[in-house]
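Computation of the quantities below employed the complete heavy-atom set of this structure, encompassing side-chain atoms and omitting hydrogens, waters and symmetry-equivalent molecules. Order of listing sets the numbers, starting from 1, for every ligand and every atom in it.
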Amino acid sequence: LRGIHKLDMRKRPRRNGVKMKIRTRYAPSPTGKMHVGNLRSALYEFLIAKHEGGDFMLRIEDTDQGRYVEGATEIIYRTLEKAGLKHDEGPDKDGGYGPYVQSERIKTGIYMKYARELIEKGEAYYCFCDKERLSSLKTEVVEGKEITIYDKHCLSLSKEEVEANLAAGKPYVIRQNNPAEGTTTFHDELYGDITVENAELDDMILIKSDGFPTYNFANVVDDHTMDITHVVRGNEYLSSSPKYTRLYEAFGWEPPKYVHLPLVTDENHKKLAKRGGSASFEDLLEQGFVTEAIVNFIALLGWSPESNREIFTLDELIREFDYHRISKSPTVFDLVKLRWMNGEYIKGMDFDTYYEMAEPYLKKTLSRELDLKKIAAMVKTRIEVFPDIAEMVDFFEELPEYDTAMYTHKKMKTNEQSSLEVLTEVLPLLEAQEDYSNDALYAVLAGYVEKKGCKNGYVMWPVRTAVSGRQTTPAGATEIMEVLGKEESLKRIRKGIALLNK
Ligand code: GLU
């Protein structure tokens with residue numbers, strides 16, 4: 001029990017009028033991918049701490065062994081690191097409040113110790129009821145889940161009966177003893193005071209028959225002993241929170257400030273599925289979103305700054321973040337907005353960083369010898385996510401089949417006939433041209449425009465159509481020809497003439 005001693009004797013930087021240092025924690029259960037909702041909790045915890053110069057802690061909540069998923073802890077570390085949410089304390093970084101993994105905390109005996117303290121105070125009791133008895137109890141449906149309301153049967157056991165059962169090695173759980181009368185008021189920073197009738201509070205299990213604490217108990221013991229000042233979590237915990245308040249009251253502890261976050265829904269206002277995988281951080285990266293954009297987007301899932309501004313770096317978020325501005329209403333995971341935001345981040349990237357990310361997508365689409373850097377530069381301000389690159393540049397690889405109706409453009413005053421004439425006339429000029437740089441090619445075509453006395457577009461439109469086969473391209477005719485080179489450009493213009501001649 002040396003561990004407990006250490007945990008108990010620590011000086012708490014708090015109370016008696018002295019402001020505690022802000023300490024927040026991200027407390028994930030390693031049960032799979034890191035869903036946007038989880039990352040949002042982590043981000044807000046991080047921002048609350050950093051806004052006030054406090055500490056952000058990582059605690060791994062692995063007491064529900066049945067839900068444990070191999071590799072999930074690594075995903076948590078990877079995600080926090082990639083997202084820039086550096087923790088000040090955690091399993092890999094001792095800050096004097098360890099252990100930081102609940103399965104290791106169990107070994108210190110801390111949960112049992114506090115559970116026994118509650119038993120002594122009459123705030124908890126041993127329960128020896130077996131499965132059969134429990135399944136005969138009446139159930140209630142709470143938030144879609146069937147819940148057995150325990151009837152306090154074992155509360156009436158005498159001290160001697162309890163001792164005898166324990167001595168006989170009878171399996172037991174430890175339950176919270178909630179009063180049948182009165183009310184409990186719980187305070188949330190966003191939802192305000194929530195008051196419930198104590199009679200409605202189930203005598204929840206604190207220690208399971210395997211000796212492990214439940215989340216319901218461990219979160220209270222840990223948040224208190226780790227001096228946590230602010231708890232941010234999904235509002236699925238809101239309904240249990242009065243029971244946690246009762247635990248704090250029973251211990252005589254001051255609860256942390258609670259911030260329960262609004263639900264994140266999909267476009268159809270349905271809850272984003274946690275294990276559906278559609279919106280995990282790593283999936284979004286795979287879909288071509290950049291980390292900074294994802295983090296920026298997630299920051300705005302429920303929180304809004306004072307101004308209308310939407311683009312924030314992490315440092316700017318730290319400066320601006322005020323959790324009082326988090327909304328209580330459900331917030332939609334708007335993929336269109338995320339794409340837009342991602343596009344803004346790509347526009348703002350320095351070219352080398354951008355190119356490093358764009359290159360694999362370019363190489364997947366383009367196998368011919370082409371100046372990939374030039375092509376990358378063309379699409380930088382046009383893509384929203386990297387996979388957009390493919391359909392914007394694939395015409396460089398191979399001229400797509402196209403309909404000659406594309407040569408007709410009202411505003412440019414072109415039609416198939418005028419285009420045939422223009423292409424036929426510029427072909428010998430382009431054949432004679434050796435320098436296929438954009439500027440030189442532009443000079444050739446501009447010279448032709450001047451001689452003909454027509455509008456620029458009257459010439460550029462058919463040339464661009466012929467060399468790209470596309471209505472929209474990431475660059476103008478001569479830039480495209482510069483990348484294609486002389487041979488391929490001429491081949492495509494001849495092809496255009498042939499198609500228009502048909
Ligand atoms: N382990 C809980 C979860 O992953 C944490 C909830 C909390 O932050 O208290 O949902």
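Residue contacts with ligand 1: A27 is placed with a nitrogen or oxygen under 3.5 Å of a nitrogen or oxygen of the ligand (distance criterion only). Note: an N/O pair closer than 3.5 Å links S29 and ligand 1 by distance alone.
Atom OH in Y97 sits 13.0 Å away from atom CZ in R59 (nearest 0.5 Å). Rounded to the nearest 0.5 Å, atoms CG (L58) and CZ (F46) are 13.0 Å apart. The distance from atom CZ of F56 to atom OH of Y26, rounded to the nearest 0.5 Å, is 8.0 Å.
Distances from atom 6 (C) of ligand 1 to the heavy atoms of Y244, Y258, Y215 put Y215 nearest.
L285 approaches I294 most closely through the heavy-atom pair CD2-CD1, 3.7 Å.
Between K337 and D334 there is no salt bridge, since no side-chain N of the basic residue sits under 4.0 Å from a carboxylate O of the acidic one.
Within the structure, ligand 1 has R25 among the residues with a heavy atom less than 4.0 angstrom away.
Under a 4.0 Å criterion applied to the non-hydrogen atoms of Y237, ligand 1 contributes the atoms 2 (C), 3 (C), 6 (C), 10 (O). The contact set between ligand 1 and R233, taken as ligand atoms under 4.0 Å from a residue heavy atom, comprises 7 (C), 8 (O), 9 (O). Shown in contact with E61 at under 4.0 Å from a heavy atom are these atoms of ligand 1, numbered in order with element: 1 (N), 2 (C), 5 (C).
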Do S367 and E397 pass the side chain to side chain donor-acceptor pair (under 3.5 Å) test, and can you show the C-alpha distance, the side-chain angles, and the key distance before you say yes or no? CA-CA 7 Å; S367 62; E397 177 76 6; 2.6 Å; yes
